[in-house]
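Fair warning: this is a prediction, and the values are worked out from it, not measured in the lab.
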Amino acid sequence: MVFLWCISRKNGVLYGTSRILGYTRVRSVHDKDKAGRIGDKSVPTFVIDEDEADTVRWIFQLYREGCGLKEIKITLLKEGRKNSSGEVSWFESTISRVLSNPMYIGKQEQCKTEIVDYLTGKAKRLPKEERVLIDGDFERIIDEEVFREVQAIKSAKAALVPKRNAASGAGRTAAEKWTQKLLCCCGSRFRRYKWRTNQKRAADAYGYACSNRAVNGTTAFRKNNELPPENGCDMRSIPAWQLELMGLKVFNGLWSEHFDAVLDTFDKMTAQDERIAVSAKSDAERYQADIEKLEKKIDRLIDLYTDEKIDQAHYEGKYAALCGELTEKRELLSQCISPIAGSTSRDELGEALAKMKSMVDLSGSKLDAQTVRWFVDKVLVRSDHCFEWLVNVTGDAPVAEPILFPVRGSSPATTTAIVTYADAAKNAQEIRDRYYTRAFTFYIPFETAQAFRSRDNTFLRRGQWRDLLVEVYVRTKKL
C-alpha cells in the first residue's frame, strides 16, 4: 500500500481537501504540472487566503494565551469570523482540529488510510504514528515553534482528562434508545450525559440535553456574550427516569384505559378523510375542466395570430394572461391529486394493538430498547414539562423515522430540505399534523412520580416537581 502511495506522490498526486481554513486550493489532485515536482513552491497546490489566515493566527494566539476551546469559539462568533465554508459558525471540535493541523506549518499528513479490500474499496484509518508527514509546496501560516508549543499545551490538557473505559459503556452511543427519538422544540436532537451518581445504590443516573443548547448556549448566555440570541435554546435537561415513566403510561394507555378512545378517534379520522377525499375529487374535476377550457382558448388564440387576425401586441398580452391562469389551475389540481397515504382501518388498528401488547414488556420500571426502537417514532419536547409522543402500532419506526424525520442536510421525499434547526422543527410539526391523530392526553402528578421513584428507593422533592403534560399521537396514515 505504501509503495502504491509513493508512486502517486511521485506523479504529483497530493490527496487532501480543498476546504482548509486559511488556504485556497489552486491545483487539482491530478494536475500534470505537479508530476515530479513535489515540494516545488513555484507550482503550489494551495495558496494562502489572507483573511482566513488571520483567523488561523488568531486561534493559535488565543489558545497560547490560555483561552479554552469554548472561549475561543465565543470570541470568533462575537467578531463575526467566518469558517472555511464562509459561515459565521464554529464548533469546539473544529477549532481543536485547526490547532492540530500540520498544514499550517507547511506540511501535509499523508497515508491516513489503508485499503484492506481492493475489490470493494474498503479502507481503514491508520494510527497517527503510521502516517507520513511530508513537506508541502505551499507557504506556512504558523511558525513551527508556535505549533509545537500549542501541541504541548494540548497534550498537557489531555493528560488531565480521565480516559474513557470502553468496558464500562461510558459515553454516548448511537444505539442508545432515547437519543434518536427525542426532538427539541427548537429542532435539535438531544444528547445523553451522566446526570449524577447515586452513592447508596452505586448507580449512575442519566439525563438528556438539547444538543443545540449544549453547542450554542441559552438565550441569556448568548445575550451576555453579545451573540445573536435567536440561535440559542432554553430547553432544560430531561432526566431519563421521566422518559421511562411517560413511556410506560403511554403504552399502558394504548391498550387499557384509553383503548376505546383510540379506536373512536380512528373512526372519526377515517370519516374525515373520506369527506376530504370526496371534496378533493370534486375540486380536481372542476380544475381539470377549467384547464381543458384554457388550453382550447390558447389554441384558438394561436390560430388567430397565425392567421394574422390579431396583432402581436394583443396576442402576447392575451397569451401571457391565459398561461398565467393555466399555471395557477394546474397548481391547484396538483394539490388536489397529490398522493395522500391511506388511513389505517379500525380492524387493522385493533389487530395491531393486540399484536403490540404481546410484544411489549411493561412489567419492569423501564421500557426495553426494542419497544422504543420499534414503536416510538419520535418524542417532541415542547417544554421541560410538556411532551408529544408520536407512536405507531405496527412496529415500523426504524423504516418510518428516516422518511418522516430526516436529519438536517437531507432532502426527504415528503418535505423540503432540512437545513436549519427551525426547518427541522417546522417539518416535525407538519409531519405530526399529516400522519398522526391525537389519541389521548394525560398528566403525571407529583404523587405518581413519587411512587415511581420509590421503586428505586429514590427521593423526589415536591417543591422541585412540575406536573408533566403528555399528549399521545398515533400514526394513522400509511407510508
Side-chain angles (χ1 to χ4, degrees), residues 2 5-6 8-9 12-27 29 34 37-114 125-161 163 215:
V2 174
W5 177 83
C6 290
S8 296
R9 186 173 63 170
V13 179
L14 282 179
Y15 297 100
T17 177
S18 59
R19 306 297 288 272
I20 300 291
L21 182 68
Y23 291 102
T24 299
R25 185 157 193 160
V26 293
R27 283 180 169 79
V29 172
K34 292 300 296 182
R37 304 180 71 177
I38 296 298
D40 186 348
K41 289 184 170 58
S42 66
V43 283
T45 305
F46 298 89
V47 296
I48 292 178
D49 181 314
E50 285 300 334
D51 289 338
E52 292 186 2
D54 184 63
T55 298
V56 173
R57 297 186 189 101
W58 186 223
I59 290 173
F60 274 81
Q61 181 179 334
L62 289 172
Y63 195 75
R64 292 174 67 205
E65 291 176 354
C67 294
L69 298 179
K70 186 173 184 178
E71 189 175 356
I72 295 175
K73 179 184 76 171
I74 294 172
T75 301
L76 297 176
L77 292 172
K78 276 185 182 180
E79 296 176 352
R81 301 250 181 181
K82 296 180 179 180
N83 59 23
S84 60
S85 299
E87 301 174 347
V88 184
S89 177
W90 292 93
F91 298 93
E92 293 166 37
S93 58
T94 304
I95 297 169
S96 179
R97 286 194 294 270
V98 168
L99 293 168
S100 301
N101 195 339
M103 284 278 292
Y104 298 122
I105 57 172
K107 297 181 183 294
Q108 273 194 312
E109 193 175 52
Q110 298 287 310
C111 202
K112 295 181 180 181
T113 60
E114 179 181 15
R125 194 168 181 85
L126 294 175
K128 203 158 189 174
E129 58 270 15
E130 294 184 22
R131 300 174 190 175
V132 179
L133 197 64
I134 65 171
D135 289 328
D137 55 20
F138 44 86
E139 300 295 331
R140 66 186 182 186
I141 295 175
I142 302 297
D143 290 335
E144 286 196 40
E145 183 179 347
V146 172
F147 188 80
R148 286 196 296 269
E149 179 185 345
V150 166
Q151 305 319 302
I153 296 173
K154 290 192 71 176
S155 297
K157 288 186 176 182
L160 299 176
V161 179
K163 299 296 182 182
V215 172

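Here the closest heavy-atom approach between residue Ile72 and residue Cys67 is recorded as CG1-CB, 3.8 Å. Closest heavy-atom contact between Ser84 and Ile20: CB-C, 4.3 Å. Among all heavy-atom pairs drawn from Val26 and Val47, the shortest one is CG1-CG2, 3.6 Å.
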- Show the numbers, then the answer: is there a side-chain contact (heavy atoms from CB on, under 4.5 Å) between Leu21 and Asp49? CA-CA 8 Å; Leu21 182 68; Asp49 181 314; over 6 Å; no
- Go through Phe46 and Glu139 one step at a time and tell me if the side-chain contact (heavy atoms from CB on, under 4.5 Å) criterion holds. CA-CA 8 Å; Phe46 298 89; Glu139 300 295 331; over 6 Å; no
- After noting the C-alpha distance and the side-chain angles of Ile142 and Arg140, does the key distance pass the side-chain contact (heavy atoms from CB on, under 4.5 Å) rule? CA-CA 6 Å; Ile142 302 297; Arg140 66 186 182 186; over 6 Å; no
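Rounded to the nearest 0.5 angstrom, Arg148 CZ and Ile153 CD1 are separated by 13.5 Å. Note that the CZ atom of Arg57 and the CG atom of Leu62 stand 14.0 Å from one another [nearest 0.5 Å]. Atom CD1 in Ile74 sits 11.5 Å away from atom CG in Leu69 (nearest 0.5 Å). Interatomic distance, Glu92 CD to Lys73 NZ, rounded to the nearest 0.5 Å: 4.5 Å. In this structure, CZ in Phe60 is found 11.0 Å from CD in Glu149, a value given to the nearest 0.5 Å. In this structure, the separation between CD on Glu50 and OG1 on Thr55 is 11.0 Å, given to the nearest 0.5 Å.
Judged by distance alone, the side chains of Lys82 and Ser89 never bring a donor and an acceptor atom under 3.5 Å apart.
Shown here is Lys78, whose NZ atom has more than 12 heavy atoms of other residues, nucleotides or ligands within 6.0 Å.
Remark: the backbone N or O of Lys107 is not paired with any side-chain donor or acceptor of Asp135 at under 3.5 angstrom. With hydrogens and angles disregarded, no donor-acceptor distance shorter than 3.5 Å links the side chain of Trp58 to the backbone of Ala53. Without hydrogens or angle criteria, Gln151 side chain to Phe147 main chain gives a donor-acceptor distance under 3.5 Å. Distance alone, capped at 3.5 Å, places no donor-acceptor pair between the Asp143 side chain and the Glu145 backbone. Distance alone, capped at 3.5 Å, is enough to place a donor-acceptor pair between the Lys154 side chain and the Ser96 backbone. When atom types are taken as modelled, the side chain of Asn83 and the backbone of Gly86 share a donor-acceptor pair closer than 3.5 angstrom.
A side-chain contact (heavy atoms from CB on, under 4.5 Å) with Ile59 is found for exactly one of Thr75, Leu99, Asp54, namely Leu99.
Tyr23 and Tyr104 have parallel rings, their planes meeting at less than 30° on a 0 to 90° scale where 60° marks the start of perpendicular.
In this structure, Arg81 and Val88 have side chains that are not in contact, with every pair of non-hydrogen atoms separated by 4.5 Å or more.
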